[in-house]
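One structure is given here, and the rest of the page talks about it.
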Amino acid sequence: MQIQTIEDLYREKSRVIFRYLIKIGCPKEDAEDIVQTTFSKAFEHMIHLNVDNPSAWLFRVSINNYYDLCRKKKRYPHAQIDESFFENMYQMGEDGEQIVLKKEHKNEIETVLNQLSPTQSNLLLLKYELDLSYEEISVLLNMKVDTIRTTLYRSRNTFKQKWSEFVERQS
């Protein structure tokens, strides 16, 4: 196994962690602080030498720091998406008109996304908003690729079901 330095990990993972924190609702300044705190803890504990999967450790510590911050400020994580989410999630089998309609319903889709379990919404954000591969998500979350595939499949289906219910209620 190749041992990465903290500097290598920072170059590779800091931007992904930062972008993910923003997508789950963390303000930019707090996300920057959390990334900095996470990597200072990593350096302090020399995690690149002591942990089997340092990427997963960094990711988990940063998310836990964000949840701690939310508890302190009595805020709750709220997923935020942009247009690439729709294009990536619905690119299979849907025409341009449907994609445009989904873009127009951004707030509604964020509402539905926030109705999913944290695991489901997190995986959907990692896959379709941050455009990470199954393998990259697997490394970040320290889960098997097959587990990621299965959970994402179920998450997509749950999202589509909740979206249909939401649209029906709006009609």
Side-chain angles (χ1 to χ4, degrees), residues 1-91 103 106-107 109-110 113-114 116-156 159:
M1 181 175 128
Q2 177 185 357
I3 297 177
Q4 293 180 299
T5 66
I6 295 293
E7 185 178 341
D8 293 338
L9 286 170
Y10 183 81
R11 265 190 256 114
E12 290 176 21
K13 305 300 178 192
S14 64
R15 192 77 191 134
V16 171
I17 292 170
F18 175 79
R19 287 179 55 216
Y20 179 72
L21 289 170
I22 296 295
K23 294 301 176 188
I24 62 172
C26 186
K28 182 182 178 201
E29 297 78 20
D30 290 340
E32 290 170 346
D33 291 343
I34 290 170
V35 169
Q36 183 178 4
T37 302
T38 299
F39 278 92
S40 66
K41 284 181 184 179
F43 181 74
E44 180 181 320
H45 297 291
M46 302 296 276
I47 61 109
H48 63 290
L49 299 175
N50 302 327
V51 177
D52 289 336
N53 188 343
S55 296
W57 187 93
L58 291 166
F59 194 72
R60 178 56 37 209
V61 167
S62 63
I63 291 173
N64 288 343
N65 284 339
Y66 175 57
Y67 291 155
D68 290 344
L69 180 67
C70 288
R71 276 191 293 277
K72 286 179 189 173
K73 294 184 177 183
K74 297 190 184 338
R75 293 189 311 209
Y76 298 97
H78 177 76
Q80 297 175 344
I81 56 175
D82 62 22
E83 289 76 22
S84 66
F85 180 84
F86 309 111
E87 292 166 3
N88 291 333
M89 186 161 172
Y90 288 102
Q91 67 188 0
K103 286 181 184 180
K106 178 181 175 190
N107 291 335
I109 290 182
E110 285 179 352
L113 191 61
N114 285 312
L116 301 177
S117 74
T119 301
Q120 291 175 324
S121 63
N122 287 341
L123 283 175
L124 288 171
L125 286 171
L126 289 169
K127 178 66 180 161
Y128 299 108
E129 187 68 16
L130 298 179
D131 202 25
L132 298 178
S133 69
Y134 293 119
E135 292 75 20
E136 290 169 322
I137 296 170
S138 170
V139 168
L140 278 178
L141 300 179
N142 200 22
M143 296 171 67
K144 294 179 182 177
V145 173
D146 290 338
T147 304
I148 299 291
R149 286 181 205 277
T150 303
T151 308
L152 264 169
Y153 174 78
R154 291 176 181 157
S155 300
R156 279 190 301 270
F159 178 86

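Counting begins at 1 with the first residue of the sequence.
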- Nearest non-hydrogen partners of Cys26 and Ala31, listed with the distance: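 Nearest pair, atom of Cys26 first, then Ala31: SG-N, 3.3 Å.
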- Which heavy atom in Glu129 sits nearest to a heavy atom in Arg19, and how many Å separate them?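 Closest approach of Glu129 to Arg19: O-NH2, 3.9 Å.
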- Residue of the set Tyr20, Phe39, Phe18 for which ring pair (Phe, Tyr, Trp, His ring centres under 6.0 Å) holds with Phe59: Tyr20
Return the [atom1] to [atom2] distance between [X] and [Y], rounded to the nearest 0.5 Å.
X	Y	atom1	atom2	answer
Thr37	Asp68	OG1	CG	11.0 Å
Leu152	Phe159	CG	CZ	13.0 Å
Ser121	Glu110	OG	CD	11.5 Å
Thr119	Leu124	OG1	CG	11.0 Å
Trp57	Lys13	CH2	NZ	15.0 Å
Met143	Thr151	CE	OG1	5.0 Å

Within the structure provided, determine whether [X] and [Y] are in side-chain contact (heavy-atom separation under 4.5 Å).
X	Y	result
Asp33	Asn65	no
Tyr66	Asp30	no
Leu141	Leu126	yes

Out of [options], which one pairs with [X] under the side chain to side chain contact (heavy atoms under 4.5 Å, CB included) rule?
X	options	answer
Leu132	Leu123, Ile137, Leu125	Ile137
Ile17	Leu58, Val61, Ile63, Ile22	Leu58
Leu21	Val16, Val35, Leu69	Val35

- Ser138 side chain vs Tyr134 backbone, donor-acceptor pair below 3.5 Å: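 Not confirmed, Ser138 side chain does not pair with Tyr134 backbone.
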- Could you tell me whether Arg149 and Glu135 make a salt bridge, using a distance below 4.0 angstrom between a side-chain N and a carboxylate O?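 Looking at Arg149 and Glu135, the cut-off is met.
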